[in-house]
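Contents: one structure, followed by commentary.
Computed over heavy atoms, backbone and side chain alike; hydrogens, waters and symmetry mates excluded.
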Amino acid sequence: MKKIQIINGPNLNLLGKREPGIYGSSSFDEYLPQLQAKYPDVEISYYQSNVEGELINKMQEVGFTYDGIILNAGAYTHTSVALQDCIRSLKTPVIEVHISNVHQREEFRHKSLISCACKGVICGFGLDSYRLAVEALSV
């Protein structure tokens with residue numbers, strides 16, 4: 001059984017409440033069981049933190065034994081060299097995910113400091129971006 005860790009960064013604990021026009025009206029806790037049901041042969045774990053160092057700690061914890069990490073680093077995507085360094089140090093492939101199409105948003109969101117260290121990037125498909133990442137890691 002493949003093991004995939006989903007890691008969400010700052011403010012993603014507010015999905016369903018935060019800017020529903022951009023992020024939708026469902027919380028991640030509502031979405032996760034649907035994703036897990038769709039992939040019964042994949043163990044999908046979930047972690048969220050608003051703290052950069054805690055995201056790094058979780059990636060280091062699973063980044064040598066899991067089959068994949070799906071990372072939505074939120075705003076840290078655009079600011080964190082520390083996350084990039086962490087991703088580069090892992091054995092486990094990381095897919096960068098964003099719910100919105102960051103390229104249709106503010107200019108500062110167009111630049112990711114972590115994309116260059118990730119296996120791939122998926123953005124703009126709402127919560128379905130996570131399903132697409134599971135598909136990519138399940139191949």
Side-chain angles (χ1 to χ4, degrees):
M1 177 177 279
K2 287 200 175 208
K3 293 171 76 171
I4 295 175
Q5 176 72 56
I6 295 173
I7 300 175
N8 276 344
N11 300 310
L12 292 166
N13 57 309
L14 298 177
L15 288 176
K17 299 174 188 167
R18 174 188 178 205
E19 300 177 274
I22 295 173
Y23 298 104
S25 57
S26 294
S27 72
F28 202 82
D29 288 335
E30 293 169 340
Y31 174 71
L32 183 59
Q34 298 169 35
L35 188 62
Q36 290 167 324
K38 185 164 182 65
Y39 298 95
D41 295 335
V42 179
E43 181 183 322
I44 301 172
S45 303
Y46 176 61
Y47 179 80
Q48 188 279 327
S49 177
N50 293 318
V51 180
E52 181 181 32
E54 292 177 4
L55 300 175
I56 291 167
N57 288 342
K58 181 52 100 173
M59 285 194 292
Q60 289 178 356
E61 176 188 319
V62 303
F64 297 93
T65 56
Y66 277 51
D67 298 296
I69 296 172
I70 298 169
L71 174 63
N72 184 339
Y76 291 137
T77 300
H78 318 292
T79 63
S80 182
V81 173
L83 285 175
Q84 181 192 123
D85 287 347
C86 177
I87 294 165
R88 288 187 188 282
S89 73
L90 304 176
K91 182 186 98 179
T92 300
V94 177
I95 295 183
E96 176 184 347
V97 164
H98 299 283
I99 295 167
S100 67
N101 182 346
V102 294
H103 302 287
Q104 291 180 332
R105 299 184 63 195
E106 304 92 339
E107 184 70 28
F108 74 88
R109 295 186 197 274
H110 298 186
K111 176 70 174 156
S112 168
L113 295 184
I114 64 172
S115 293
C116 61
C118 292
K119 178 179 181 176
V121 180
I122 299 170
C123 71
F125 295 97
L127 290 176
D128 204 36
S129 295
Y130 294 90
R131 181 192 60 78
L132 295 169
V134 171
E135 285 284 332
L137 290 168
S138 297
V139 176

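Counting heavy atoms from C-beta on, the side chains of Ser129 and Ile99 never come closer than 4.5 Å. You'll find the side chain of Leu127 reaches within 4.5 Å of the side chain of Ser26, heavy atoms only. With contacts defined as side-chain heavy-atom distances shorter than 4.5 Å, the pair Gln60/Cys86 qualifies. A heavy-atom distance below 4.5 Å is not found between the side chains of Tyr76 and Ile114. Under the 4.5 Å side-chain criterion, counting only non-hydrogen atoms from C-beta, Cys116 is in contact with Arg88. Side-chain contact between Leu137 and Val42: absent, with no pair of heavy atoms (C-beta onward) separated by less than 4.5 Å. Side-chain contact check for Phe64 versus Leu90: some heavy-atom pair is nearer than 4.5 Å. Between Leu32 and Tyr130, every side-chain heavy-atom pair lies at or beyond the 4.5 Å cut-off.
Environment of CZ in Phe125: sparse, with no more than 12 heavy atoms of neighbouring residues, nucleotides or ligands closer than 6.0 Å.
Note on Val121 and Val94: separate hydrophobic clusters, where clusters join Ile, Leu, Val, Met, Phe, Trp and Tyr whose side-chain heavy atoms are under 4.5 Å apart, directly or indirectly. Taking hydrophobic clusters as Ile, Leu, Val, Met, Phe, Trp and Tyr residues chained together by side-chain heavy-atom distances below 4.5 Å, Ile4 does not share a cluster with Ile7. No continuous path of ILVMFWY side-chain contacts below 4.5 Å connects Val51 to Leu83, so the two sit in separate hydrophobic clusters. Ile87 and Ile56 fall within the same hydrophobic cluster, defined by Ile, Leu, Val, Met, Phe, Trp and Tyr side-chain heavy atoms under 4.5 Å apart, directly or through other members. Note: the hydrophobic cluster containing Ile95 also contains Ile44 (ILVMFWY, side chain heavy atoms under 4.5 Å, direct or indirect links).
Atom CG of residue Leu12 and atom OG of residue Ser27 lie 12.0 Å apart, to the nearest 0.5 angstrom. Interatomic distance, OG1 of Thr65 versus CD of Gln5, reported as 9.5 Å (0.5 Å rounding). Between Glu96 atom CD and Asn72 atom CG the span is 8.5 Å, to the nearest 0.5 Å. A distance of 9.0 Å separates CD of Glu43 from CD of Gln36, quoted to the nearest 0.5 Å. Distance OH/Tyr31 to CG/Asp128: 5.5 Å, rounded to 0.5 Å.
Of all the heavy atoms in Ala75 and Pro10, the pair that sits closest is N-CG, 4.2 Å. The nearest pair of heavy atoms linking Thr77 to His98 is OG1-CE1, 3.2 Å. Between Arg131 and Tyr39, the closest heavy-atom pair is CG-OH, 3.3 Å. The minimum heavy-atom distance linking Thr92 with Val62 is given by the pair OG1-O, 3.6 Å. The two residues Gly63 and Ile69 have their closest heavy-atom pair at CA-CD1, 4.1 Å. Listed here is the closest heavy atom pair of His78 and Leu113: O-CD1, 3.8 Å.
Asn50 pairs with exactly one of Glu52, Gln48, Glu54 by the side-chain hydrogen bond (donor to acceptor under 3.5 Å, both in side chains) rule, that one being Gln48.
Taking the centre and axis of the six-membered ring of Tyr66, the NZ or CZ atom of Lys3 falls inside the cone set by 45° and 6.0 Å.
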